[in-house]
Protein chains: 2
Amino acid sequence: MSIMETYFKEKFPFSDDEIQLIFSYFKKVEIKKGAYFLEAGQYCKKIAFIEEGAVVFYQLIDGDEKSCGFTFENDWITQYKSLIQNITSELYIKALETTTLMEISLENMLELIAVLPKAIMLRTELAEEYFISSAQRASDLANLEAEEHYYKLIKDNPNLIHRVPQYYLASYLGIKPQSLSRIRAKS
Amino acid sequence: MSIMETYFKEKFPFSDDEIQLIFSYFKKVEIKKGAYFLEAGQYCKKIAFIEEGAVVFYQLIDGDEKSCGFTFENDWITQYKSLIQNITSELYIKALETTTLMEISLENMLELIAVLPKAIMLRTELAEEYFISSAQRASDLANLEAEEHYYKLIKDNPNLIHRVPQYYLASYLGIKPQSLSRIRAKS
DNA sequence: TTTCCTTCTTAACATATGTGAACGATTTTC
DNA sequence: GAAAATCGTTCACATATGTTAAGAAGGAAA
């Protein structure tokens with residue numbers, strides 16, 4: 001059983017036949033470390049499930065890469081704002097490791113939902129997950145000091161320590177890499 | 001024509017009959033300045049459109065009211081996370097002014113969608129609006145200095161200057177009221 | 001291995017924000 | 001209207017983060 005299949009059976013109440021139908025709309029894609037799932041300026045017209053690997057979301061501001069999120073295996077990626085508003089993305093989505101994806105185009109997703117209305121769950125799941133995590137990040141950025149924020153972050157997602165460069169972590173926390181180094185040096 | 005009616009006709013492709021049907025599921029509610037639309041610990045089971053007035057979303061942290069958003073007339077309010085996950089809210093939603101709402105219970109919303117499937121647009125609209133605004137807030141908190149953030153905020157929504165107490169604005173910006181005073185004193 | 005390049009760390013100093021307290025100004029309550 | 005409470009401002013000092021620069025550590029490529 002594939003990784004995505006296991007995920008689906010745990011998460012959603014689809015029958016085996018429905019899962020097979022759903023899977024027929026996806027295709028497997030591999031992106032090498034450092035390659036892009038999406039680049040700024042492009043229209044995002046796809047959604048993908050990470051079977052293996054990790055990606056970073058970032059924005060290019062004054063020449064610096066400012067991260068706004070990370071996603072690892074067993075989770076979804078897309079640039080939701082670009083996808084739903086049909087506008088160009090301001091974000092890059094880049095592979096931090098060689099990453100295996102199950103990808104579906106927006107077009108195919110809509111077709112799938114037309115054939116199997118229950119599949120709208122996937123889209124809803126995605127929207128809600130994105131909303132809740134970004135609301136949490138905003139709250140943490142406003143209410144926690146960088147140090148608390150850092151320890152909360154790596155406690156909630158230990159992957160971040162070893163699988164994400166520190167300069168991305170720093171920008172995600174809203175601080176400079178030197179400041180993150182200083183925080184880490186304390187302990 | 002009511003305020004909500006004008007909003008609907010501009011925003012959504014519903015017919016007059018559909019709008020009448022939709023409106024029959026809403027009821028008009030007034031909350032006085034300082035009263036709550038929702039309090040922390042409660043389950044949020046409703047969605048409302050503000051016809052007139054203003055509300056603040058805030059969290060109580062160490063005795064301080066930390067704002068995470070403001071909504072004015074012609075916009076929607078709900079505690080989306082509590083609503084969709086059926087958990088108690090961590091947020092208070094309080095009227096900053098005497099506020100007139102058009103309210104619909106979640107139950108009625110689901111019934112409405114069952115009767116008029118197109119009405120799912122309302123829910124999607126809400127989710128997307130919340131997601132995009134909270135992603136933008138997180139980005140601004142991480143990437144802007146307090147001063148830039150403040151001027152961007154009041155430029156994007158001039159209502160905030162005169163209709164929101166400064167201590168809420170300050171906590172929304174992730175700073176203390178004294179720091180906001182200092183920033184304002186510069187100009 | 002050696003070299004090169006990127007990332008991480010450290011340091012000194014500059015700047016921004018936090019803290020605690022006091023004072024007026026405004027609003028609310030009686 | 002008077003008293004009380006709330007809110008906004010200012011100040012001096014403490015702390016956190018930014019800036020600039022240099023060097024160490026680590027990984028990638030020859």
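Below, chains carry the letters A, B, ... as their sequence lines are ordered, and counting in each starts from 1. These numbers come from the heavy atoms of this one structure, side chains and all, not from hydrogens, waters or symmetry mates.
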dG18(C) base to Arg182(B) side chain: any donor-acceptor pair below 3.5 Å?
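For Arg182(B), whose side chain was compared with the base of dG18(C), there is a donor-acceptor pair (under 3.5 Å).
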I need the [atom1]-[atom2] distance between [X] and [N], as an integer number of Å.
X	N	atom1	atom2	answer
Asp64(A)	dG18(D)	CG	P	12 Å
Asn143(A)	dT17(C)	CG	P	16 Å
Leu96(A)	dT6(C)	CG	P	17 Å
Leu180(B)	dC11(D)	CG	P	16 Å
Ile183(A)	dA16(D)	CD1	P	10 Å
Leu144(A)	dT17(D)	CG	P	11 Å

Sugar-phosphate means primed atoms, P, OP1 and OP2; the rest is base. With that split, encode nucleotides 21-30 of chain C 5' to 3' as B, S or - using protein heavy atoms under 4.0 Å.
-------S--
Looking only at side chains, do Asp16(A) and Gln20(A) share a donor and an acceptor under 3.5 Å apart?
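No - no donor-acceptor pair under 3.5 Å links their side chains.
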Is there a side-chain polar atom (N or O) of Ser179(A) under 4.0 Å from OP1 or OP2 of dG18(D)?
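The answer is yes; a side-chain N or O of Ser179(A) sits under 4.0 Å from OP1 or OP2.
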Salt bridge or not for [X] and [Y], using N-O below 4.0 Å?
X	Y	answer
Lys118(A)	Glu125(A)	no
Glu128(A)	Arg123(B)	yes
Lys32(B)	Glu30(B)	yes

hydrophobic_cluster_shared for Tyr172(A) and Ile161(A), side chain cutoff 4.5 Å
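Yes, one cluster joins them.
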Pairwise distance CD1(Ile77(A)) to OG1(Thr71(A)) - rounded to 0.5 angstrom
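These two atoms lie 6.5 Å from each other.
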Close approaches to DNA chain D from residues 146-176 of chain B, in residue order (heavy atom, under 4.0 Å):
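Heavy-atom contacts with DNA chain D come from Pro165(B), Gln166(B), Tyr167(B).
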Check: Cys44(A) main-chain N/O paired with Ser82(A) side-chain donor or acceptor under 3.5 Å
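Yes, Ser82(A) side chain to Cys44(A) backbone: donor-acceptor pair under 3.5 Å.
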Six-ring centre of Phe37(A), Lys46(A) cation under 6.0 angstrom, axis tolerance 45°:
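Yes, cation above the ring, under 6.0 Å and within 45°.
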Under the side-chain hydrogen bond (donor to acceptor under 3.5 Å, both in side chains) test, which residues partner Lys27(B), sequence neighbours left out?
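None.
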